[in-house]
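Note sheet for the following structure.
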Amino acid sequence: MVEDILQNFNIKAFESDLLTWYHENKRMLPWRESRDPYRIWVSEIMLQQTKVDTVIPYFKRFMEKYPTVYSLAEAPEEEVLKEWEGLGYYSRARNLHTAVQEVVENYGGTIPDEKKELGSLKGVGPYTQGAILSIAFNQPEPAVDGNVMRVFSRLLLINDDIARPRTKKHFETVVREVISKEDPSSFNQAIMDLGATICTPKSPACLVCPVLEHCRAFEVGAQAELPVKSKAKKQKPIFYAALKVKNADGNYLIEKRPETGLLANMYQFPMVPLSEVALIDIPKWFKKEYGVDVMLGKRDGDLKHVFSHLIWDIEIYEAETDAIEVADNRLRLASPDEMKKLPFPVSHLRIRGF
DNA sequence: AAGACGGGGTG
DNA sequence: CACCCAGTCTT
């Protein structure tokens, strides 16, 4: 029970030590320059599963291009995906795009400060909901991510497996009890900063921790063993040949991926599944699949690309075609300059080479 | 509850 | 190469 866990935990002293440290040491980040809920929202979506240093340049470009919910709502999806190119988890961008359109349609362009309404927006789950409510609207709502679970698992010596959904629920209950009612915005951001700079996953800097005297893990020397997290399963490799098919005009054959699933709506060079097709049969397979005649050229290296759940093992080939137009609606012929305006996943940016 | 869904950083 | 990470959606 939460009451038992918080026995002998000095909530007020903890809050005071944490917030004092935060006000003197908080990181200056682009999304902390105002409390504009839209900027907080965009930052929180970008920060899902992504490091601060990676996000900063994307956030700046994104806010310059789409300063308001209206500008983002009116943008073409392909353009939004282009802004997201390289960040990964592209459904975040597509969901955010859909969600700002919901805000414009249903809330007159004002981001709702009510929990249920906010949480109903596409891509806004329990964490983001709590982050926006606390950071932008100063409501005492927990915003529990892996970072927060790490900090509190150590502070309160909790050894539940943080990979389990019920454990996250548990931490939400704990944070709801502990969170500052005076300044929930600073409280949640302080925990995040603490987790990012001091209470780090490996070799935490306990000796300079502002809340060291509240930490039960440090008291018993268990900080390195927490949090407990079950291992992810190993990824399965999939073997492909990626074809850089060029015609006499110097245009390349590129393909738009399906609107659902992996890398939805992103562009790529056509990929031949080598588990089903022998190298010698590629032209025949390509004709049957896409209706385009190609001549396989020379090998142009290889690429291994690791995703969370699978690995692409790709042989890259140059190829030629006489085609100057294509019928298959997945395909199009594009010049290098045209390709640069379209969203490609990192793997195919590498294959492209420019 | 488990799997799908990207990419970069670290030791 | 193994492991880590500012989650959400679907099944």
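Here the structure is a predicted model, which is why all the values come from computation and not from measurement. Just so we're on the same page: letters track the sequence lines, and every chain starts at 1. FYI, side chains are in, hydrogens and waters are out, and symmetry mates aren't considered; it's all heavy atoms of this structure.
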Less than 4.0 Å between a side-chain N and a carboxylate O, is that true for Arg330(A) and Glu289(A)?
yes
When rounded to whole Å, the CD1 to P distance for the pair Ile198(A) and dA6(C) reads 15 Å
Is the distance from OP1 or OP2 of dA4(B) to the nearest side-chain N or O of Tyr89(A) less than 4.0 Å?
no
If I pick the C1' atom on dG6(B) and the same atom on dC4(C), what distance separates them, to the nearest angstrom?
14 Å
Interatomic distance at P, dT8(C) relative to dG9(B), whole Å:
23 Å
Could you tell me how far apart Gln49(A) (CD) and dC5(C) (P) are, to the nearest whole angstrom?
10 Å
Roughly how many Å apart are dA6(C) and dG11(B), using the P atom of each and rounding to a whole number?
15 Å
Would you mind reading off the distance between Leu262(A) atom CG and dG6(B) atom P, rounded to a whole angstrom?
5 Å
dA6(C) base / Arg27(A) side chain donor-acceptor hit below 3.5 Å:
yes
To the closest 0.5 Å, what do you measure between CG (Leu296(A)) and CG (Asp281(A))?
11.5 Å
Counting just side-chain N and O atoms, does Arg150(A) come under 4.0 Å of either OP1 or OP2 of dC4(C)?
no
Mind checking whether Tyr89(A) and Tyr58(A) sit in one hydrophobic cluster, side chains of I, L, V, M, F, W, Y counted as touching below 4.5 Å?
no
Could you state the atom-to-atom distance from NE2 of His309(A) to C1' of dG7(C) in whole Å?
15 Å
Interatomic distance, Leu121(A) CG vs dC9(C) P [rounded to whole Å]
10 Å
For dC5(C) and dC5(B), measure between their C1' atoms and round to the nearest Å.
15 Å
Quick one: pull up CZ in Phe218(A) and CG in Leu226(A) and give me the separation to the nearest 0.5 Å.
14.0 Å
Lys26(A) NZ to dA6(C) P, in whole Å, measures 21 Å
Establish, with yes or no, whether the OP1 or OP2 oxygen of dC5(C) is under 4.0 angstrom from a side-chain nitrogen or oxygen of Lys229(A).
yes
Could you state the NZ-P distance from Lys51(A) to dC4(C), rounded to the nearest angstrom?
11 Å
Rounded to whole Å, the CE-C1' distance (Met46(A) to dC5(C)) equals 18 Å
Lys168(A), nearest nucleotide to its side chain (from dG7(B), dG6(B), dG7(C))
dG7(C)
Is Asp160(A) paired with Lys169(A) through a side-chain N to carboxylate O contact shorter than 4.0 Å?
no
Base of dG6(B), side chain of Thr50(A) - is there a donor-acceptor contact under 3.5 Å?
yes
For a quick test of reading the model: is some side-chain N or O of Thr128(A) closer than 4.0 Å to OP1 or OP2 of dT8(C)?
yes
Comparing nearest nucleotides in DNA chain C, the 5'-proximal residue of the pair Val124(A), Glu44(A) is Glu44(A)
